[in-house]
Novice: 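Input: one structure, supplied below.
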Amino acid sequence: MLKNILQVLRELKKQKLRTFLTLFGIIWGTVSVILLLAFGFAIKAQTSESMHGLGESICIMWSGKTSISYAGFPRGRNLHFQKGDAEFLRDQVPLIGNISPQYSRSVAVRVKDKKQSFNINAVLPEFTKMRNLVPRMGGRFLNQLDEKKRRRVVFIGFDVEEKMFGKGNGLGKTIYIEGMPFTVIGVLIQKKQDSSYNGRDKDAIYMPVSTYLGIYGDRYMDNMVCKAENVEYTDQMKDDIQLAYARKYRFHPDDTEALGIWDTTENEKFLNTFFGGFNIFLGVVGVMTLIVGGIGISNIMYVIVEERTNEIGIKRAVGAKKHLILFQYLTETFVIAGLGTIIGFLISMGIIALTNQLPLKEYIGTLVLDPVIAMTTIIIIVMITLAAGWGPATRASNLDPVIAINK
Amino acid sequence: MIDMNNIKKVYDTGKIQVEALRGVNLQIEEGDFMTVVGPSGSGKSTLMNIIGCLDKPSEGEYKLNQKSVKNFNDNQLSEIRNQDIGFVFQNFNLLPYASAYENVEMPLLFAGMSGKKRRERVEYILDRVGLSERMGHKPNELSGGQKQRVAIARALVNNPKIILADEPTGNLDTKTGENIMQLFIELWKEGNTIVMITHDPRATKYSEKAVKLIDGKIKNQTMD
Ligand SMILES: Nc1ncnc2c1ncn2[C@@H]1O[C@H](COP(=O)(O)OP(=O)(O)OP(=O)(O)O)[C@@H](O)[C@H]1O
Ligand SMILES: [Mg+2]
């Protein structure tokens, strides 16, 4: 067996050009599969990370205008979320896991002599979980006590901090919002966010709802954000909200314009389908390349068998059984393919390492040689090699000894 | 040991059918030295291949050690070629990349003999044919006579019941051919059974049985 492999390697060394061309096919195929899938997976992970910047599987709701006349009301009636609506829905729709109203307005902000205007958002503590508003070490998000005691505290985006205080200097400082002092209790960590409504989180200031209402006393809230207790029931939850709301504000239950719901799980579903398809496409392209490589190996093996017809005849004449010859030529095919695979993996790892050095993280994320991709690639190569080697190996083992030995 | 009854061999080459053997009857006993002569194309090699279980007859009964060869499958025939038959060819048929040692070792590998016993056996046989100094040489580093000695050693290495040689001196000069022929005669005297296709008068002198093939049929079978 070992001897067999050594002989194969010796043979490969002798026929440099042929070896190179054969190996090239399999190397090319291996590199294609691994890199294509590595890129595909990395881009997907990257996109999904920035998408989760907005929050995972949440629904953002706006009130709209009725489009169906109902219960004596004409169509075109303006609806508004009002104080208590969040509590009402939480009460009426058990499928809701978290819900928070969101009031917002643009305000003038000052720290020492720096002045700028920002959006403030008044939200409940559970907003942090839904919208991935994670505080940097040392700080925290708004909590129940802040809410209850109407504390003058704010949680700020990292761009607000950078502009008003300088990077990393905001925590615990005082910030003046329309002349009133607030304490910064937390700063948002750096995060990616590719979609938003009323501004990016990095530019926003968050304060307790009670504090906000105490100052501004808004009648209507801008929107609400909620998340299903179990993400799988999101669709059901949306239907229930629509019904409960239609009852409260007396619009037609089928009126789709009275209440607007942006369901980010839809984005996620789309993303999964899109990248699922994209990665399958990349995988298929890679596997095709591998198959072409396999055909190359198969051809070379046919040539090798042809060249060694006399040798095979000699072996059969002195007592080699058919299956031994079959095994020998299959082994040989696997040695060639294995060599190509190893080189292909090394090259792929090199390219992955190099690519990760380039400043492309924002677009393609970090490439990794996923173990699942690696294993799948190896299994596919084994199958292709078996198919590629089978023809030549059976031809070799089925040679008529008399004819073969006289070649 | 060998008993052939009305052996026929027909090669079907598409349009024409070649009748290489047309009813051969032949007996070979243990310890025989049989020579086969005949003009080119008379079927000598064909007969040899059938005796050596490398080929099967189209018709007729071939019994090797009382067993009909017809009933053996490919694996069993391979085992017979490995264990019971030693082939020596006109053009040596050595593996070009393998040393003399490795060429002789090959049948033992197929027989599944263990490493230590193999080494002893190969060294013993190479010594027997006078090549202990040349074990590591490749065929292209050996003279014609030395190559044929390697081939003979390979044929002998599994201690076969019969040695088949198809014009073993055909590709050698007279002097070297003489040495090789001498080696065969010695081997026969040591008790080996030998069937040889040859036109060498020395061989025919020693052989007890001489078969003359003409047009696929045995003309006469003389006993000394
Ligand atoms: N594989 C084959 N296919 C077709 N015809 C064959 C085949 N092998 C041999 N023959 C034919 O069978 C006949 C006998 O051939 P064989 O090789 O046995 O002759 P030979 O006596 O050994 O001749 P030589 O002295 O030249 O070696 C010849 O006519 C040859 O052409
Ligand atoms: Mg012949």
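Residue numbering restarts at 1 for every chain, and letters A, B, ... go by the order of the sequence lines. Just so it is clear, the values below take in all heavy atoms, side chains as well, and ignore hydrogens, waters and symmetry mates. Since the model is a prediction, treat every value here as computed from it, not as a measurement.
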Novice: Does B:W188 CH2 have over 12 foreign heavy atoms under 6.0 Å away?
Specialist: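 Atom CH2 in B:W188 is crowded, with more than 12 foreign heavy atoms closer than 6.0 Å.
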Novice: Assess whether atom CD of B:E30 is packed by more than 12 heavy atoms of other residues, nucleotides or ligands within 6.0 Å.
Specialist: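 Incorrect, the count does not exceed 12.
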Novice: NZ of A:K407 to CG of B:N93: how many Å apart, nearest 0.5 Å?
Specialist: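 Those atoms lie 13.5 Å apart.
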Novice: Is there a side-chain contact between A:K321 and B:N82 (heavy atoms, below 4.5 Å)?
Specialist: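 Not in contact.
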Novice: Which residues in residues 44-56 of chain B have any heavy atom closer than 4.5 Å to a heavy atom of chain A?
Specialist: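 Answer by number: B:N49, B:L54, B:D55.
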Novice: Ignoring hydrogens and angles, tell me if any N or O in the side chain of B:R81 forms a donor-acceptor pair with the backbone of A:R316 under 3.5 Å.
Specialist: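 Side chain of B:R81 to backbone of A:R316, a donor-acceptor pair under 3.5 Å: yes, one is there.
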Novice: Above 12 or not: heavy atoms from other molecules or residues under 6.0 Å from CD of A:E232?
Specialist: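 For A:E232, atom CD is not crowded (no more than 12 foreign heavy atoms under 6.0 Å).
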Novice: Search all heavy atoms of A:A320 against all heavy atoms of B:S78 and return the closest pair with its distance.
Specialist: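 Taking A:A320 first and B:S78 second, the nearest heavy atoms are O-OG, 3.6 Å.
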Novice: Other residues, nucleotides and ligands only: do more than 12 of their heavy atoms fall within 6.0 Å of CD on B:E61?
Specialist: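 Enclosed: over 12 neighbouring heavy atoms sit under 6.0 Å from CD of B:E61.
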Novice: Report the distance from atom NE2 of A:H323 to atom CG of B:D74, rounding to the nearest 0.5 Å.
Specialist: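 If we round to the nearest 0.5 Å, A:H323:NE2 and B:D74:CG are 9.5 Å apart.
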Novice: Tell me, side chain or backbone of B:I80 under 4.5 Å from chain A's heavy atoms, or both, or neither?
Specialist: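 For B:I80, there is no contact with chain A at all, as no heavy atom is under 4.5 Å.
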Novice: Please output the residues of residues 5-20 of chain B in contact with chain A, using a heavy-atom cutoff of under 4.5 Å, in numerical order.
Specialist: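 Heavy-atom contacts from residues 5-20 of chain B to chain A are absent.
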Novice: For the pair A:I314 and B:R154, evaluate side-chain contact (heavy atoms from CB on, under 4.5 Å) and give the outcome as yes or no after the intermediate values.
Specialist: CA-CA 11 Å; A:I314 296 170; B:R154 185 181 63 192; 3.4 Å; yes
Novice: In the structure I gave you, are the side-chain heavy atoms of A:V318 and B:F110 within less than 4.5 Å of one another anywhere?
Specialist: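 Answer yes - side chains close enough.
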Novice: So A:I405 and B:F89, side-chain contact (heavy atoms from CB on, under 4.5 Å) or not? Walk me through it.
Specialist: CA-CA 10 Å; A:I405 203 167; B:F89 303 93; 3.3 Å; yes
